[in-house]
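The structure under discussion appears below in the form of structure tokens.
Keep in mind that the numbers below use all heavy atoms, side chains included, and drop hydrogens, waters and symmetry copies. So that the names make sense, note that chain A is the first sequence line, chain B the second, and so on, each numbered from 1.
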2 protein chains.
Amino acid sequence: MHAKYNLLKQHFEEIVSLTNEEWDFIQSHFEYKSLKKHQFLIQTGQSVDFEYWIINGLVKAYSIDDKGKEHILQFAMENYWVSDHYAFQHQEPGTIFVDCLEDSEFFCLSLENREKICLEVPAVANFFRIKSNHGYINLQQRILSLLTMTAESRYEYLLNKLPKLIQRVPKKLIASYLGVSRETLSRFNS
Amino acid sequence: MHAKYNLLKQHFEEIVSLTNEEWDFIQSHFEYKSLKKHQFLIQTGQSVDFEYWIINGLVKAYSIDDKGKEHILQFAMENYWVSDHYAFQHQEPGTIFVDCLEDSEFFCLSLENREKICLEVPAVANFFRIKSNHGYINLQQRILSLLTMTAESRYEYLLNKLPKLIQRVPKKLIASYLGVSRETLSRFNS
DNA sequence: AGCTAAAAGTGACCTAAATCACTTTTCCAT
DNA sequence: ATGGAAAAGTGATTTAGGTCACTTTTAGCT
């Protein structure tokens with residue numbers, strides 16, 4: 001477990017620097033969790049008590065429409081943060097599902113603990129500020145890609161940006177992420 | 001100008017509390033700017049020196065594709081923040097345009113000053129952290145709406161969510177924001 | 001008020017992608 | 001290794017929305 005906490009520490013220290021005391025304090029506010037493939041991290045209607053940092057593994061965050069169709073909001077793997085941010089932030093029941101595409105391990109941070117370490121250790125507030133900002137920028141890029149690009153060029157763009165992801169994820173899920181039917185995706189390229 | 005700075009102070013204090021000394025320090029890191037309708041705040045290829053808080057007015061942030069078509073990333077009005085966040089953060093040339101749909105006034109914050117006030121005043125880091133997080137959540141909602149809803153229901157949703165905005169913005173720009181042609185938008189509803 | 005330009009509406013036609021139905025391939029679990 | 005399920009591929013058909021061309025309405029000027 002020490003080694004795993006060290007990965008998280010490295011993750012913070014890519015952005016901000018921390019003293020050993022600060023790190024010990026921060027670390028003590030995380031919980032460990034482990035799930036197998038197909039298990040749920042978050043389900044609609046249930047409380048969302050944590051934000052999760054992924055130690056290793058792969059999850060998908062998605063919502064299901066009235067026709068039962070799945071729409072993928074995000075794939076998240078090692079080093080990513082994932083949650084139902086809306087529900088977590090507002091402490092409301094979940095609006096999306098998050099489940100594991102591979103066996104996965106997480107460090108879990110509650111809202112209360114997040115606010116606590118942000119207020120106690122300014123570097124943590126800065127860390128999350130910068131992380132959120134990067135996340136915001138990424139989503140803006142994705143929106144632009146949805147507005148400006150055809151499904152096929154979104155696919156090429158993704159192949160280029162996250163080639164490793166494509167290896168690990170069935171194409172029908174990639175299709176759902178891109179906002180295209182699996183049949184159409186299957187007719188692209190190659 | 002005092003009164004306008006006060007609006008900004010109120011904006012901060014919706015999220016965090018600040019002492020008078022802290023506020024004076026923060027305030028001194030903003031510059032004032034005023035633009036007329038049709039003037040540009042940000043242009044592609046030019047450096048993006050600031051993040052802007054809108055005192056009053058209305059702007060659109062958009063990119064132009066290879067066919068010369070405009071795609072609207074964001075409308076921003078009083079109390080909103082706007083910039084080319086990517087270019088600003090990475091100090092690279094702008095990738096989008098931002099121009100005024102109405103005469104507008106801004107408080108401008110440089111990257112250097114932002115980092116300075118975030119490091120000096122932890123409440124500011126927390127303010128931007130929370131703001132970014134809200135922004136992230138909003139963009140996730142928009143992505144979901146692009147993935148799951150028809151153009152028509154996206155329009156209804158927007159009408160419902162930001163009725164005032166529709167009043168102030170030509171429908172062809174709303175169409176561009178929704179990712180639909182203006183002819184198609186015109187055929188919706190009533 | 002009157003002129004111009006931008007915005008909005010509308011019809012006809014076209015196309016990218018969805019949907020449906022079915023086959024083939026790949027991946028696991030026993 | 002093998003049987004069953006999930007994933008992927010493919011053809012036929014449908015459809016939402018795009019594009020083009022034109023008219024009507026509205027909003028700003030001077």
A cation-pi test, strictly: NZ or CZ of K9(B) under 6.0 Å from the centre of the six-membered ring of F12(B) and no more than 45 degrees from its axis. Yes or no?
no

By the 4.0 Å heavy-atom rule, please label K69(A) as base, sugar-phosphate, or nothing.
sugar-phosphate

Rounded to 10°, the angle between the first-five-pair and last-five-pair axes of the helix from dA1(C)-dT30(D) to dT30(C)-dA1(D) is 60°

Tell me which of A151(A) and E183(A) sits closer to the 5' end of DNA chain C, going by the nucleotide each one is nearest to.
A151(A)

Between K171(B) and dA6(C), is there a side-chain N or O to OP1/OP2 distance below 4.0 Å?
no

Salt-bridge contact R114(A)-E51(A) (side-chain N to carboxylate O under 4.0 Å)
yes

Counting the atoms with a prime plus P, OP1 and OP2 as sugar-phosphate, which does E152(B) contact under 4.0 Å by heavy atoms, base, sugar-phosphate, or nothing?
nothing

Is the distance between the ring centroids of F50(A) and F106(A) under 6.0 Å?
no

Nearest-nucleotide 5' precedence on DNA chain D, R154(B) against K37(B)
R154(B)

Ignoring the backbone of T184(A), work out which of dA8(C), dG18(D), dA17(C) is nearest its side chain.
dA17(C)

base_contact_polar (dG11(C) base, R187(B) side chain, donor-acceptor, <3.5 Å):
yes

Distance check needed: dC27(C) C1' versus Q167(A) CD, whole Å only.
16 Å

What do you reckon, are the aromatic ring centroids of Y136(A) and Y136(B) less than 6.0 Å apart?
no

Rounded to whole Å, CG of L178(A) lies from C1' of dA18(C) at a distance of 15 Å

Would you say S181(A) reaches dA18(C)'s phosphate, i.e. side-chain N/O to OP1/OP2 under 4.0 Å?
yes

In whole angstrom, give the distance that lies between atom CG of L173(B) and atom C1' of dA8(C).
12 Å

Write down the distance between CZ (R182(B)) and P (dT25(D)), rounded to a whole number of angstrom.
15 Å

side-chain hydrogen bond (donor to acceptor under 3.5 Å, both in side chains) for H71(A) and D65(A)? Distances and angles first, verdict last.
CA-CA 8 Å; H71(A) 301 274; D65(A) 68 22; 2.8 Å; yes

Nearest-Å distance, CZ (F188(B)) to C1' (dG17(D))?
8 Å

Under 4.0 Å between a side-chain N or O of S186(A) and OP1 or OP2 of dA8(D)?
no

For the residue pair R142(B) and Y177(B), would you count it as a cation-pi contact if the rule is NZ or CZ under 6.0 angstrom from the ring centre and within 45 degrees of the ring axis?
yes

One pair to check against side-chain hydrogen bond (donor to acceptor under 3.5 Å, both in side chains): E78(B) and N56(B). What are the steps and the verdict?
CA-CA 4 Å; E78(B) 40 283 344; N56(B) 55 63; over 6 Å; no

Rounded to whole angstrom units, what separation is found between the CZ atom of R168(B) and the C1' atom of dG28(D)?
18 Å

In whole angstrom, give the distance that lies between atom CG of L185(B) and atom P of dT10(C).
13 Å

In whole angstroms, how far is the C1' atom of dA8(C) from the OH atom of Y155(B)?
11 Å

